[in-house]
Amino acid sequence: MFTSEDQTIYPIAAALSADGSLTIAGSDPQKLARDFGTPLYLYDGQTVRSNIQTLQQLLKDHYPSEGAVAYASKAYFSQRFAAKLAQQQDIEVDVVSLAELKVALKAGFSPKQIHLHGNNKSAEEIRTAIDLNIHALVIDSLDELAFVEQIAAEKNKRVRIWLRITPDIRVATHPHIETSAASSKFGLHVITGEAEQVIRAALASPYFELTGLHCHLGSQLYDPIPYAIAIERLYTLASECGYEPQEISPGGGWGVRYTKNDPLTDPLDWIRTISQTIQQQCERTGFQLPKIVLEPGRWLAARAGVAIYQIGSQKRMPDGTRILAVDGGMSDNPRHALYQAAYSAVILNKPNAKNLVPTTVVGKFCESGDVLIAQIDLPEAERGDLLLIPASGAYQLSMASNYNLAPRPVVLWLEPDGQFELLQRRENPEENSWWC
Ligand code: LLP
C-alpha cells in the first residue's frame, strides 16, 4: 500500500485505516466498487479545491498584479463536476468546443469567465462566443482571424480576442503532447511571421479588441525554463508590433506525478518563473504588468481522481511476466496506448501482501495496445480482486470511447466523512441510442 513517498500520487484525502486498507475522504473504495460496479472513477473534492486554492494563492503571493486560474476543461468535464468548479472563488475556464462551452454555462460559469480555444472552431462556436461576449475567443490562425472578422462584421459586433502564439521552442515531453514546436498544428508561429501579421491585422480591424497573448507549450512539463523563454518571445513580438497586452496566458502544462519515478515538483517554481519573467519583460519594454491567466488541467484534476477495476483473467507470458486483465482498459484510459504513459496501482483488498510479481496490467478490449500499465510489481491476485490506479483524474474519462461498445464508467465525487455524490452514471446501452 502507499508510503509517504507515493502520497503525492494519491488524493489528498487518501489514508490508510488500521488494517492497512485504503480509504478516501472516509469512504471505503472497495464498498463503493461493490455498490456501484467497476470500472469506477472517484474524484476527491478536497483535492480539487485544494489544488485550485494552492495555485491561486501562489499567484497572489508571487505576482504583484492580477492573476487568475482557468481550469482547462478538456482534462475532465461533466455537468456536475463543472458545477463543483463554478462554486470556487475567482475560477475561470478554458473550453474548446460548443459542448464544453454549454456545459460551463449551465454549470454556472459566466461568459466573462470563459475562454474559447481550438485550432478549427466552427461558425456556430464562433457565433455563440460572440453572442455571449465571452472573456476571450482565442485566435489560432490568420485564416481564422479573417473568418471571425467576417462573422463579427455580419453581426456588427466587436469581439474580445487573444492570439495563440507558437514560440517555436521544444519542450521535454511526449511528442503528442508537445504544442510549441515549429511542427505544431497549433497557433500563430513566430518564425513564419504569421504571429506578427495577425497582431498587426487584429490591431487594425474595428471588429477586434485584442486583450491578450496566449501560448501553451505542451503538457506534463516539469521544467519552468521553457515558460520563461516563451514569455520573453511573446514580449519581443508584442513590442516589435507596438502592442501592449493587458493579459498574458502562458497556458497550462505543469506536470504531475503518476509513479515514484516522476519528479517531485513544486508549482511554486512554475508560478515564480512566470511571474518573474513577466515582470522583467515589462521592465524591459516599459509595459504595464498584465493580468496572468494560467490554464492548468492536469495539475488540478489528475491527482483528485482514482480508477477502480475488477481483475478477471490472468496468464503467464513466455518471458515470465504475469498478465492481469481488468474490466476496463483503453476505452476509459487510452493514455498508455497514446503516450506510453506509466501508472502505479494497488490491489485494494490485499493491502499487506508482500510477495510481488512482475506484472503487465491489460484491459479487455480487442487490441494489443490495450495496456493500462506496462510494468509493475503487484501481489498475487485472484479473479474478483480490485485494482486501484491513482492519478486517474485527467485525460482519461475525457478521452474515453465506446470501443467494443463499452459503456463509459460511473463517476462519484467524494466529500469528507464518507459522503459522496454521483457525477456521471454508467452509460447504459439499453437506454442510450449510440449502440443501435
Ligand atoms: N491550455 C491549452 C490551450 C491546452 O491545449 C491545454 C491542453 C491546456 C491548457 C491544459 O494542459 P494541462 O495543464 O492539462 O497539461 N491528452 C493528453 C494531454 C493533452 C493536453 C491538450 N491541451 C494527455 O493525456 O496527456
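Remember, it's 1-based here, ligands and their atoms both numbered in the order they're listed.
- Aromatic pair H214/H117: ring centres closer than 6.0 Å.
- Residue-environment remark: NZ (K291) exceeds the threshold of 12 foreign heavy atoms within 6.0 Å.
- Within 4.0 Å of ligand 1, the residues that place a heavy atom are A72, K74, D94, H117, R164, I177, H214, H216, S219, G252, G253, E295, P296, G297, R298, R335, Y339, Y395, M399, listed by chain and number.
- Atom CD of Q375 is surrounded by 12 or fewer heavy atoms from other residues, nucleotides or ligands within 6.0 Å.
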- Message: Assess the residue pair E144 and K121 against the criterion (salt bridge (charged side-chain N to carboxylate O under 4.0 Å, His left out)); give the C-alpha distance rounded to whole Å, side-chain angles, the decisive distance to 0.1 Å, and a yes or no.
- Response: CA-CA 8 Å; E144 183 172 76; K121 298 172 201 70; 2.7 Å; yes
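- No option in T38, D385, D332 other than D332 meets the side chain to side chain donor-acceptor pair (under 3.5 Å) test with Y309.
- Residues D94 and H115 have side chains that never bring a donor and an acceptor to within less than 3.5 angstrom of each other.
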